[in-house]
Amino acid sequence: MLLPLAILLLGLWEGQRGDDDWRAFAAERDHLAAVVADLEARSPRDGRPDFRLQFRHEGQNFGGPYAVVKAREARDEAGTLATVMDWRRVLPPVAIAGGGIAAALSALVLLAGGLLGWLGRGSRDALVRGFSAVRRLLPATLAVQILAATAGFVAAVVFEAGMLVQGGFTGGGMKLMGIAAVAVGGTVLAAGGALLGLRRALDAFEPDPLPILGRHIASAEAPGLWRLVEGLAERMGALKPEALVVGLTEGFFVSAGPAVIEPGGARLIGRILYVPLPHLALMRGAETAAIIGHELAHYAGGDTAYSQRFLPIYAGVGRSLDAVAERHRGSLGLLGPSVRLGLFVMDRFHLAVRHWSRVREFAADAAGATVTSPAASARALLRYSAAGPRIAETLDAAASAPEAAPSDLVAAALDRAVKHGLADPAAHLEDGQAHPTDTHPPTRERIAALGLTIDADLLTAAGTAPPAHALEQLAAYFADPSALCRTATADFLGAVHGHEVAIRAHLEAAAAEVGTGERVVRANHRPRGIALAVGGGLFAAAALAFALFRVPGISPHETRVVLVTALMLSALFGAAAALVLSRGEPVILVLSPEGLKAPALDRPMPWDEIADLDTTLNQTGMVTRLLLLPDAAFPQRVPRGRGLKLDAKRRIVTIAHGLPHKMKPQDFADLIGRYRTAAQARRILAETAAARPAHSEIDVA
């Protein structure tokens, strides 16, 4: 609100000043016109000079015929300025309208966002309807606000720049006008880029299918699990899942959107229930039923379909914010109100969504308790958290050494839990259940909502280690649990292997990208020299034009000032161009697979000794900064080495150099990054090759 209001108030102030300035210059023009008419009437008709004619202007006295000439020049200049002031009066209304529209839209979005958030906490349907409208209207609203604020800002800046012509076209005035032109140009470009991004933000959004690592299980393969699920759904009055998927990773969850099952890439659409095999082995039957009942309750409440409706809203509003934020830095803060308005809307949306997420999770817990008991639901929440670390440890160990992993990771997880016990449930009371799409309240709050108190007996019952024969309970769910567990293990290890292959291929490609030879990067001073020479030529041409042609509204004194200034700048630019072009194409850096070498340094710097680096543009070229590791040997400057700054205390080497030859600045930065990435890739490949033989066995217990 503050920036649009500032533009509005500035426009109001400028409106009053614009009228006053126009009246003053119009009066001056009329006064000088009367003076000229009087001098012309008093001038001798025979052309003889009459030095009784006097004209005083800007502290100087002019007499005779020269008085008439200077009076006419002053009259013409005043007329030009009066015309400028007349046109200048059009700008304040634009600033007022732009600031007012932007401020009004800010207030409207703030009120609408707050109201929709409040209504959304009262009804999920109102939440979706309201923020669906926001998704459609927010990009257009932000676009109008950006246009209005930009128009108001440009009008205000141009109005103030118009004041500079009052003192004539002096050197200082022209510099200020140049600064104003740069500010206006940068702001217009940033606003234009944001508007194009907002237009793309309105494109349709198609959510990606949910990836699931697991196996689609038919009723013949899991008759007991299907009977349990269908029986619970019937007792709860919930929709039955259309597909059951089992695997080793993730926790229990339901989905109603498209999903892709790996390995194989089979696509499923509809209601899906995912069941983790390790938890089936580590949890008791009533606890499993309570968790499955909780998940089925999400179908009864329409939670999964409701979550799917959120995705386009999040995507649309998020893309709108990204489009504006991407251009915010170059807009002199003018796009700040639009960014903050979008963030405010998203914040209201998040609060309402979180409210309903908590409400529905508590309701699902209560539904799960109705088909078992509150005690079973509470134990399920605690035991789920206590079993999680043992399962994660088993899977992590297998992922780190897949060639030594056992053929049944479900049995391995059970063995580890029997040997080491489950984790302490009390240490996980603030955890939320792992879920790929939703958030869950902390376990402590969920148990309290069930009407139970967390005491020592409950914690002990939940944290008791499973018996060694607990794996046998999987027979109650599956026709061939041993084969299914081995298949799920093979799928997991296959995914790990595929991930490793993909990473290795990426590392090998990165290592091979830079080759084995050196790459010499040279500075390219020619474009800068040519640009300086062209600038000098333009100033010389401007000086010639001022010398040959008279510019209306500029006095001879001002003409001489501009002429001398242009000639001095032409000479300065020409000398700078000659100096730059004489330097040729010096070496900036020499890049090799082993390290980086700069001409001003006494030694190469290996990539493994560089902790971080960055390259930036400055007024004269580029700067490359290297942060060296604490134990790396710090380089020294060679005799007559230039463009180098060494900070041994902070371990920073700063190399200033020109723009690279036949290379854009970003290409130069990418080139250095590729060499550094290649060195890191070679190191990782070497470490992996050295560590691989050492993994001969894995501790699964």
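None of these values were measured; they are calculated from a predicted model. Residue indices begin at 1 and follow the sequence shown.
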So how far is it from [X] [atom1] to [Y] [atom2], rounded to the nearest 0.5 Å?
| X | Y | atom1 | atom2 | value |
| --- | --- | --- | --- | --- |
| Leu9 | Ile96 | CG | CD1 | 9.5 Å |
| Leu544 | Ser570 | CG | OG | 10.5 Å |
| Arg89 | Asp20 | CZ | CG | 10.5 Å |
| Arg75 | Glu28 | CZ | CD | 13.0 Å |
| Leu147 | Ile101 | CG | CD1 | 9.5 Å |

Do the non-hydrogen side-chain atoms of [X] and [Y] ever get within less than 4.5 Å of each other?
| X | Y | answer |
| --- | --- | --- |
| Thr615 | Val623 | no |
| Glu361 | His298 | yes |
| Leu572 | Met568 | no |
| Arg446 | His294 | yes |
| Leu111 | Leu115 | no |
| Phe253 | Ile212 | yes |
| Leu613 | Ile672 | yes |
| Trp13 | Leu8 | no |

- Assess whether side chain to side chain contact (heavy atoms under 4.5 Å, CB included) is satisfied between Val254 and Arg271, documenting all intermediate values. CA-CA 7 Å; Val254 289; Arg271 297 184 300 277; over 6 Å; no

- If you count the non-hydrogen atoms of other residues, nucleotides and ligands that lie under 6.0 Å from CG in Leu538, is the total more than 12? yes

- Query: Only one of Asp614, Asp647, Ile652, Val653 clears side-chain contact (heavy atoms from CB on, under 4.5 Å) with Leu627; which?
  - Reply: Ile652

What are the two closest non-hydrogen atoms of [X] and [Y], and how far apart are they?
| X | Y | value |
| --- | --- | --- |
| Pro660 | Ile588 | CA-CD1, 4.0 Å |
| Ala155 | Ala95 | CB-N, 3.9 Å |
| Val260 | Pro209 | N-CB, 4.2 Å |
| Arg676 | Ile610 | NH2-O, 3.5 Å |
| Leu617 | Pro665 | CD2-CG, 3.8 Å |
| Val94 | Ala151 | CG1-O, 3.8 Å |

- Examine distances only and state if a side-chain atom of Thr677 and a backbone atom of Gly673 form a donor-acceptor pair shorter than 3.5 Å. yes

- Item | Partners meeting ring-ring contact (aromatic ring centres under 6.0 Å, His included) with Phe668 (sequence neighbours left out) | His657

